[in-house]
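Accompanying notes for the structure given below.
Note that ligands are numbered from 1 as they come in the structure, with each ligand's atoms numbered from 1 the same way. Atom set for the values below is all heavy atoms of this structure, side chains included, hydrogens, waters and symmetry mates excluded.
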Amino acid sequence: MRAVRLESVGSLTMRSVEKPVAGPGELLVRVVAAGICGSDRHMYKGEYPTAIPVTLGHEFCGIVEEIGDTVARFTGGELVTVDPNIACGTCRACTQARPNLCESLTAIGVTRDGGFAEYVAVPQAQAFVLPADLDPVHGAFSEPLACCIHAIDKARIRPGDSVAILGGGVIGLLMVQLARLAGAGEIILITRQQSRRQTALRLGATHAFDPASSDTIASVRDVTKGGTDVVIECAGVPDTLQTGLKMARRGGTFVLFGVTPAGVEVPVLPFDLLVNEVDIRPAYLNPFTHSRAAAMVANGVLELDALVTKTIGLEEVADVVGNAPLPGEIKVIIRP
Ligand SMILES: [Zn+2]
Ligand SMILES: [Zn+2]
């Protein structure tokens, strides 16, 4: 079968590999749709740890084609979305219900072969059944959505709260929709690209600002009369992080979600954070949120088609992941 392999940092190639088999407790999934994520670009550039060589692809949806020994919950033929993050279940973090902080976390498409391939073998506990007639492209959004749901849980948005979202990629545009569903009053998206600002306004943002052409801190303080209740940083850019911290109102919440490359330092003003009691809450991965993401996708409560800007085959993946996102690009979907 064909698979897109990260052979070493900066070397991603599609090649022919052995078709995997479903081991005990595993499912063999025929991949129908997979999403390219910013993390794939980080892994390609060596900015996020992986177990090279590995087949990338941690956001995917497919059909159960074979079941391994001892598999009880599946019979074959189900459309499934897969939570790629596999926790050990026995370490201190796992036994305290924080599997995203597992000391021995492994992940499909990161440390074991993933979904940028025709087939992938996954532990049955990672798979969640979707309605058979669901568009599998929507199913492929479950994983990023599950991470966003964790961030929204951490944000504790109350109806009427103001929310500022920094970064207008797929994550920012999912956050806009989740903030709207959580009942936010003002939803302010900050992103450079005009097309993304327009999309955000269509999807429920009340305001969209361009950080290149306006003083976004002043604009946000103006709209929210002094600062937002909740800031969600989705860009993973030092500048954005610094700006976002200054947008929170006194006593506001700042959710750290964007992935800044490991080792990058950002100057902050501890005095300001202290006297304003800005509540900094990191949100990492998707602890116990994948089934809720699958439920939202299955019930069509989110606008996802607007986020798909390109559909490609496996042969184009290396080119897309190996280059910076094109202007206007939101989510690139692979149909193997
Ligand atoms: Zn991802
Ligand atoms: Zn663990």
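Legend: protein N/O/S atoms lying under 2.8 Å from the Zn ion (ligand 2), waters omitted, number 4.
In the displayed structure, R335 atom CZ is contacted under 6.0 Å by more than 12 heavy atoms of other residues, nucleotides or ligands.
Through chains of ILVMFWY side-chain contacts below 4.5 Å, V82 is grouped with L27, V29, V31, F60, V64, I67, V71, F74, V80, I86, I108, V120, V122, V129. Hydrophobic cluster of F288: no remaining members, since no ILVMFWY side chain lies below 4.5 Å from it.
Counting only N and O atoms by type, the side chains of T55 and R5 include a donor and acceptor under 3.5 Å apart. Counting only N and O atoms by type, the side chains of T13 and E7 include a donor and acceptor under 3.5 Å apart. Residues N85 and N286 bring a donor and an acceptor atom of their side chains to less than 3.5 Å of each other.
H58 contributes NE2 as its N, O or S atom closest to the Zn ion (ligand 1).
Under the ring pair (Phe, Tyr, Trp, His ring centres under 6.0 Å) criterion, F128 pairs with H290, not counting sequence neighbours.
Among the atoms of E59, an N, O or S atom falls under 2.8 Å from the Zn ion (ligand 1).
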